[in-house]
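Have a look at the structure below before the remarks.
We name chains A, B, ... by the order of the sequence lines, and we start the count at 1 in each one. Atoms considered below: every heavy atom in the structure, side chains included; atoms not considered: hydrogens, waters and symmetry mates. If you're wondering where the values come from, they're calculated on a predicted model, not measured in any experiment.
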Amino acid sequence: MMNTLLAFYHQLLARYGPQGWWPLLSHPGASSTPNSIRGIYHPGHYDLPSTREQRFEICIGAILTQNTAWRSVEKALINLLQIKALHPEGLDALNETQLKEAIRPSGYFNQKAIKIRSFTAFFLALEERTPSREELLALWGIGPETADSMLLYAFKVPTFVVDAYTRRVLSSTGWISGTESYDSIKNLFEKQLPHDLALFQEYHALFVEHAKQECTSHDRR
DNA sequence: TTCCAGGCAATAC
DNA sequence: GTATTGCATGGA
């Protein structure tokens with residue numbers, strides 16, 4: 001039997017090319033895209049993040065982007081970078097006012113300040129260890145998508161991420177009705193696809209690009 | 001002005 | 001268990 005989901009992946013990849021997620025604010029020898037103010041994508045490379053700081057940056061971005069446009073998240077990340085708080089020790093040293101002021105552009109800043117605080121304490125205690133999904137989900141403010149994004153892009157665990165774009169594309173193809181749970185959609189992909197890091201990273205990024213090109217808010221309604 | 005954006009937790013039923 | 005609501009800023 002033909003694997004529909006794998007075939008669809010190859011279609012998207014042929015059409016859009018490798019996306020190079022997750023965007024980082026800086027890394028040598030890569031190019032930026034119009035989706036970003038100054039975040040750097042690294043298409044075709046799966047070695048990043050290569051440092052503890054980059055891993056932390058991705059995790060903080062995953063929290064900040066909850067129901068928020070990436071453009072707004074980048075403003076917050078740039079603010080944190082400028083006050084030398086885009087690494088765990090620097091973040092931990094901020095007071096409440098400094099933290100909230102820095103992340104204000106990304107919205108929900110009171111809640112996100114608490115989420116970032118508790119996650120930073122958790123990250124410091126990790127000491128380079130890769131956390132389990134259950135550990136992440138136990139943290140206040142970390143739900144399934146945020147946990148999976150951290151695992152897939154920061155910790156390089158081949159786990160499938162489901163987000164609003166994924167649901168939008170799958171709804172438009174008629175492959176889901178819209179009421180399916182997060183885990184049921186996740187399991188659909190993880191059962192049909194080989195658990196490969198590059199594949200899972202690219203597939204999610206390609207869903208985002210395809211949704212942005214073909215499933216605009218105007219079309220949805 | 002209104003609607004929406006790479007969710008999540010708390011609450012209501 | 002599923003449905004609704006608050007959270008907040010910035011851009012279209």
Close N/O contacts between protein and nucleotides 2-4 of chain C (under 3.5 Å):
none

Can you list, pair by pair, the side-chain donor-acceptor contacts under 3.5 Å of residues 81-89 of chain A, counting residues two or more places apart and other chains?
from, atom 1, to, atom 2, distance (Å)
A:His87, ND1, A:Gly90, N, 3.3
A:His87, NE2, A:Lys84, O, 3.2
A:Glu89, OE1, A:Arg52, NH1, 3.4
A:Glu89, OE2, A:Arg52, NH1, 3.4
A:Glu89, OE2, A:Arg52, NH2, 2.9

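- In terms of the salt bridge (charged side-chain N to carboxylate O under 4.0 Å, His left out) criterion, A:Asp196 has no residue partners (sequence neighbours excluded).
- A:Leu188 is linked by a side chain to side chain contact (heavy atoms under 4.5 Å, CB included) to A:Leu5, A:Gln192, counting only residues two or more places apart in sequence or in another chain.
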Exercise for review: If a protein heavy atom is under 4.0 Å from the base, mark B; if only from the sugar-phosphate, S; if neither, -; do that for nucleotides 5-12 of chain C going 5' to 3'.
Suggested key: --BBSSS-
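- Under the rule for a side-chain hydrogen bond (donor to acceptor under 3.5 Å, both in side chains), A:Lys156 has no partner lying at least two apart in sequence or in another chain.
- A search for side-chain hydrogen bond (donor to acceptor under 3.5 Å, both in side chains) contacts involving A:Asn67 returns A:Tyr108, not counting sequence neighbours.
- Legend: residues meeting side-chain hydrogen bond (donor to acceptor under 3.5 Å, both in side chains) with A:Ser171, ordered by chain and number and at least two apart, are absent.
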Can you check nucleotides 11-13 of chain B for protein contacts, nitrogen or oxygen pairs under 3.5 Å, and list what you find?
none

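- Every residue meeting the salt bridge (charged side-chain N to carboxylate O under 4.0 Å, His left out) condition with A:Arg104, not counting sequence neighbours, appears here in chain and number order: A:Glu101.
- Among residues two or more places apart in sequence or in another chain, the salt bridge (charged side-chain N to carboxylate O under 4.0 Å, His left out) test is passed with A:Lys75 by none.
- Residues passing the side-chain hydrogen bond (donor to acceptor under 3.5 Å, both in side chains) test with A:Glu128, sequence neighbours excluded: A:Arg55.
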